[in-house]
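Quick notes on the structure that follows.
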Amino acid sequence: MPMHSTSKQLWRDVQVFDGLAQLDEAMNVLVEDGRIAGLWPSRTFDEALAQGAVEVGSGGVMTPGLVDCHTHLVYAGNRAGEFEQRLEGVSYETIARNGGGILSSVRATRTASEDELIAASLPRLDALLADGVTTLEIKSGYGLTVESELKMLRVARRLGELRPVRVLTTLLGAHALPPEYAGRADDYVSLVCDEMIPAAARERLADAVDVFCEGIGFSPAQCERVFQAARAHGLAIKAHAEQLSNLGGSALAARYGALSADHIEYLDEAGVRAMAEAGTVAVLLPGAFHVLRETQLPPIELLRQYGVPMAVASDANPGTSPICMPTLMANLACTLFRLTPREALAGMTAHGARALGLHDLGCIAVGAPADLCLWGIRQPAELAYAVQAGRLRQRVFNGVVTYAR
């Protein structure tokens, strides 16, 4: 339940990370009617501005509410057995080709009801909220039939109604080839393009369309058909690309104006250049890199060189990143990918929002929606430096304090 719903609130003496950088001095932050009304250095604050405001916090570090721009939060079952197999030396690709991987989750998810999926997904969502998330994307992709994909998207929409969080939904019908279409990938892509995407658009269940462009997924030509169908129905485009090999999926997605290309460990300079020219965000997923024990690092220096925004997300999913702790991702982005703490935090706020097409979120600026987190730490870098639950002091969603400790 909301802790405060007053129209005017004041935080004093907070160290502010505004979504891109830490401000130079302690600030007072005023929120009014769900939006940030003002930011002033504490030492020069005019007390007249505080008239009528409820003082709800002081000290600590304030960041925008975290944006988890890549999750697969809705699914049934788990894949702990595959985790064990990989540790015994079986590759992810071998597991997938033997009917495990994504298809294992597909079997469990197809048979689950909407209510069962809600019950399974809520604890994962609650874990994200407890670690500061105020906006997230949830992908489908474990149904692989029109009916089951729409079911997943409906569940994702319902999750956003059951909790104080902003949920964007992405149709990932082209996630894997379902067993009933074995040897008929083009026919399945036709189903995605001719039935699945139109149904999701008609029922307003999807904000974007994603594909898995990979040798164990779909070819660039097949992905392009999906992009064309998404564009025809007015849906944004995203892509899982260059995770296991370089098929040029990121550059292809960029040519279609994609919001983001995600994973991108095998991305080359031509792909980086295409993303830079299109304004496509690179979404880094260090959780999957960590769980799969990958060794091919994303081209961080090239992304910096070309000015491609780098988002960081949890990739919360049952197989390759069963992790619902975004601040851990900040740490992994720094330790594994060598991002700076500032880059990692920008990746989970301003750039994460941009990867969802939400340019007014992920920032602390006058006029922006008041999605905020107050942390019991001294400097923003601590969020990436330490892996520690319980640092969140307050979580503010649309100006309402929904969590306080």
Legend entry - Stepwise side chain to side chain donor-acceptor pair (under 3.5 Å) check, Trp11 with Gln394: CA-CA 11 Å; Trp11 282 261; Gln394 291 178 339; 2.7 Å; yes
Any side-chain heavy atom of [X] within less than 4.5 Å of one from [Y]?
X	Y	result
Phe337	Leu284	yes
Leu267	Met275	yes
Leu117	Tyr142	no

Got a sec, which residues hit side chain to side chain contact (heavy atoms under 4.5 Å, CB included) with [X], two or more places apart in sequence or on another chain?
X	result
Glu114	Lys151, Arg154, Val155, Arg158
Asp131	Met325, Pro326, Thr327
Cys324	Leu73, Arg124, Ala127, Leu128, Ala316
Gln222	Ala185, Asp186, Val189, Phe218, Ser219

Legend entry - Atom pair CG (Asn28) and CZ (Arg43), whose distance is rounded to the nearest 0.5 Å: 12.0 Å
Inset, instruction - Determine which pairs satisfy salt bridge (charged side-chain N to carboxylate O under 4.0 Å, His left out) with at least one residue from residues 205-214, sequence neighbours left out, and list them in order. - result: Lys139-Asp210, Arg157-Asp207
Inset, instruction - Not counting sequence neighbours, list each pair that qualifies as a salt bridge (charged side-chain N to carboxylate O under 4.0 Å, His left out) and has a residue in residues 74-96. - result: Arg79-Glu82
Legend entry - Gln388 backbone acceptor or donor facing Arg391 side chain under 3.5 Å: yes
Legend entry - Distance-only polar pair, side chains of Ser260 and Asp262, donor-acceptor under 3.5 Å: yes
Legend entry - Gln228 and Tyr256 side chains, donor-acceptor separation under 3.5 Å: yes
